[in-house]
Amino acid sequence: MRIIHVKDFIGEEVEIKGWLYNKRSKGKILFLIVRDGSGYIQVVGVKGESPDYIFDIYDELGLESSVIVKGIVRKEPRSIGGYELSLTGLEPVQIAVDYPIQKKEHGTAFLMEHRHLWIRSKKQRAILRIRNEVEKAIVDFFYENDFVRIDTPILTPTAAEGSTTLFSTEYFDMGKAYLAQTGQLYLEAAIFANGLVYNFGPTFRAEKSKTRRHLTEFWMVEAEEAYYDNDDNMKVQENFISYIIERVIKRCADELKILERDTNILQSISLPFPKITYDDAVELLQKDGFSTKWGEDFGGDEETAISKHFDKPVFIMDYPRKIKAFYMKEHSERPELVRCADLIAPEGYGEIIGGSQREDDYDKLLARMEEFGLAIENYRWYLDLRKYGSVVHSGFGLGIERTVAWICGIPHVREATAFPRMLYRIYP
RNA sequence: UCCGGCGUAGCUCAAUAGGUAGAGCGGGUGGCUGUUAACCACUAGGUUGGGGGUUCGAGUCCCUCCGCCGGAGCCA
């Protein structure tokens, strides 16, 4: 019997297999809060009514001991969850002694050091369940919209985007291999077979970033669409985000409540999302008192400032080509720009999607790669795609942890994954 | 890598101006028939992150190393 189903068995004796979440005793009456992953239930023992041996082992039962309890189900408004068990039997499976995480506040350093235990807590469990729902929604959205999932490689021979620092490893006697920072280039190959494709998996950045928005290992979902220009691409993105949000609101109401998330903000997210150009964004920032100059990329503070002008995610389109990746499509009217869009989440959560139309012209792409100083011989296969049936195409990548952090309303991406990998932290 | 902050009991924190290191929680002991991070009483618990220096005297001031936190750059 799982706790979530107890409400259907009022008056009957049930058996719960779980862990001791909390306990209190008041002389001749004792309260055990037991959790089993599906919920929490209070179990009450009364001297004279419950077996005596339970009162003998009560003191031994440390928090988080694994226990199998039996009791009669009662409706009880005073109890957590509204139902309660009158204790008839208790079998300790393994007695936990001195569980490190107490029913009080702890610092993040201590909690991260005990992350393997911390994930048992209510809030952490709620976050990870929302992540589970987000991941399911992602897969469903693409399946329903005829995208084919292509699992792109994690070991790659070269840096895809050139600029960022990558983790490397020895690859037999073939020199170094790198942990993928994106599967995009491989997805571009796959659209010529399937039209619409996506991937979903871990990506790695060896950047020494130390902020609330960065992990060294994070999950990303990337989509790539043949015959879609950047406007078509943005439509997919807003439908995608909206689909995820709706799903979480519908299926994770309890979890959002545990996190004390203000769901009004999430609920008000409707289509279409506002779209501004990079030019507009610079102007907006200058009006806000930033010293941002045209041609510079935006920092975290600037993204936050822009997002505060809107109550929905906002697209910033058409950045200067100099601050964007080599594969982005040159703007047809203004060659100093590229056809791209970043999606900035509301409430200061920063960029959650980076997307663009890709350069589909062989000569322009080659010139761009040379300009970026890329080793062309590593990209022969990628250039081939512009020789054999090249088409207009676009794609985007969404960071899972940032999205989950935003939906949950938590301040740091490290809590949006079970075992975060960060600069200076790889334990546990 | 750079800038800033922090490091005191198992945990969260306090210690006026440089002058005998404390509290709450947790642990232990006892009490309590409806608790909600239960409560009450008693109790144990410390090389103040490491090293060096200034001083009659350093948790407090200085130097250095280590660890952690936040931010920048870069990005999702």
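Chain A is the first sequence line, chain B the second, and so forth, proteins listed ahead of strands; every chain is numbered from 1. This one's a predicted model, so the numbers in the text were calculated from it and none came from an experiment.
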* To do: Could you check whether Arg213(A) gets within reach of a base, just the sugar-phosphate, or nothing at all, counting any heavy atom under 4.0 Å?
  => base
* Indicate, with a heavy-atom threshold strictly under 4.0 Å, whether Gly350(A) touches base, sugar-phosphate, or nothing. => nothing
Which residues pass the salt bridge (charged side-chain N to carboxylate O under 4.0 Å, His left out) test with [X], sequence neighbours left out?
X	result
Asp279(A)	Arg334(A)
Glu303(A)	none
Glu91(A)	none

* Asked: What residues in residues 27-39 of chain A put a non-hydrogen atom under 4.0 Å from any atom of RNA chain B?
  -> Gly27(A), Lys28(A), Ile29(A), Phe31(A)
* Pairing of Lys275(A) and Asp231(A) as salt bridge, 4.0 angstrom limit -> no
* Electrostatic pair Arg368(A):Glu359(A) at N-O distance under 4.0 angstrom -> no
* Asked: When every nucleotide of nucleotides 40-46 of chain B is labelled 5' to 3' by its protein contacts under 4.0 Å (heavy atoms), B for base, S for sugar-phosphate only, - for none, what sequence of letters results?
  -> -------
* Ring geometry between Tyr278(A) and Phe298(A) (parallel below 30°, tilted from 30 to 60°, perpendicular above 60°) -> parallel
Which pairs would a plain distance check flag for residues 6-32 of chain A, meaning a side-chain donor or acceptor within less than 3.5 Å of a matching protein atom at least two apart in sequence or in another chain?
| from | atom 1 | to | atom 2 | distance (Å) |
| --- | --- | --- | --- | --- |
| Glu13(A) | OE2 | Thr88(A) | OG1 | 2.6 |
| Lys23(A) | NZ | Tyr58(A) | O | 2.9 |
| Lys23(A) | NZ | Leu61(A) | O | 2.9 |

* **side-chain contact (heavy atoms from CB on, under 4.5 Å) involving Glu217(A) - partner list, sequence neighbours excluded** => Phe204(A), Arg421(A)
* To do: For Glu49(A), check side-chain contact (heavy atoms from CB on, under 4.5 Å) against everything at least two apart and list the hits.
  => Val46(A)
Would you give me the side-chain donor-acceptor pairs under 3.5 Å for residues 394-409 of chain A, sequence neighbours excluded?
| from | atom 1 | to | atom 2 | distance (Å) |
| --- | --- | --- | --- | --- |
| Ser394(A) | OG | Tyr228(A) | O | 2.7 |
| Ser394(A) | OG | Asp229(A) | O | 3.4 |
| Glu401(A) | OE1 | Trp219(A) | N | 3.1 |
| Glu401(A) | OE2 | Arg131(A) | NH1 | 3.0 |
| Glu401(A) | OE2 | Arg131(A) | NH2 | 3.3 |
| Glu401(A) | OE2 | Trp219(A) | N | 3.3 |
| Arg402(A) | NE | Arg213(A) | O | 3.2 |
| Arg402(A) | NH1 | Glu351(A) | O | 2.9 |
| Arg402(A) | NH2 | Arg213(A) | O | 3.2 |
| Thr403(A) | OG1 | Gly399(A) | O | 2.7 |
| Trp406(A) | NE1 | Glu347(A) | OE2 | 3.4 |

* To do: Using the P atom on both, measure A44(B) against C3(B) and round to a whole Å.
  => 47 Å
Tabulate atom names and distances for all N/O pairs under 3.5 angstrom spanning the protein and nucleotides 65-69 of chain B.
| from | atom 1 | to | atom 2 | distance (Å) |
| --- | --- | --- | --- | --- |
| C68(B) | OP1 | Tyr424(A) | O | 3.2 |

* Asked: Where does RNA chain B pair, written as one dot-bracket string 5' to 3', with Watson-Crick or G-U pairs under 3.5 Å, ( ) inside the strand, [ ] for crossing pairs and | for another strand?
  -> (((((((..((((.....[..)))).(((((.......))))).....(((((..]....))))))))))))....
Would you tabulate the nitrogen or oxygen pairs shorter than 3.5 Å linking the protein to nucleotides 22-29 of chain B?
| from | atom 1 | to | atom 2 | distance (Å) |
| --- | --- | --- | --- | --- |
| G24(B) | N2 | Lys104(A) | NZ | 2.3 |
| G26(B) | O4' | Gln102(A) | OE1 | 3.2 |

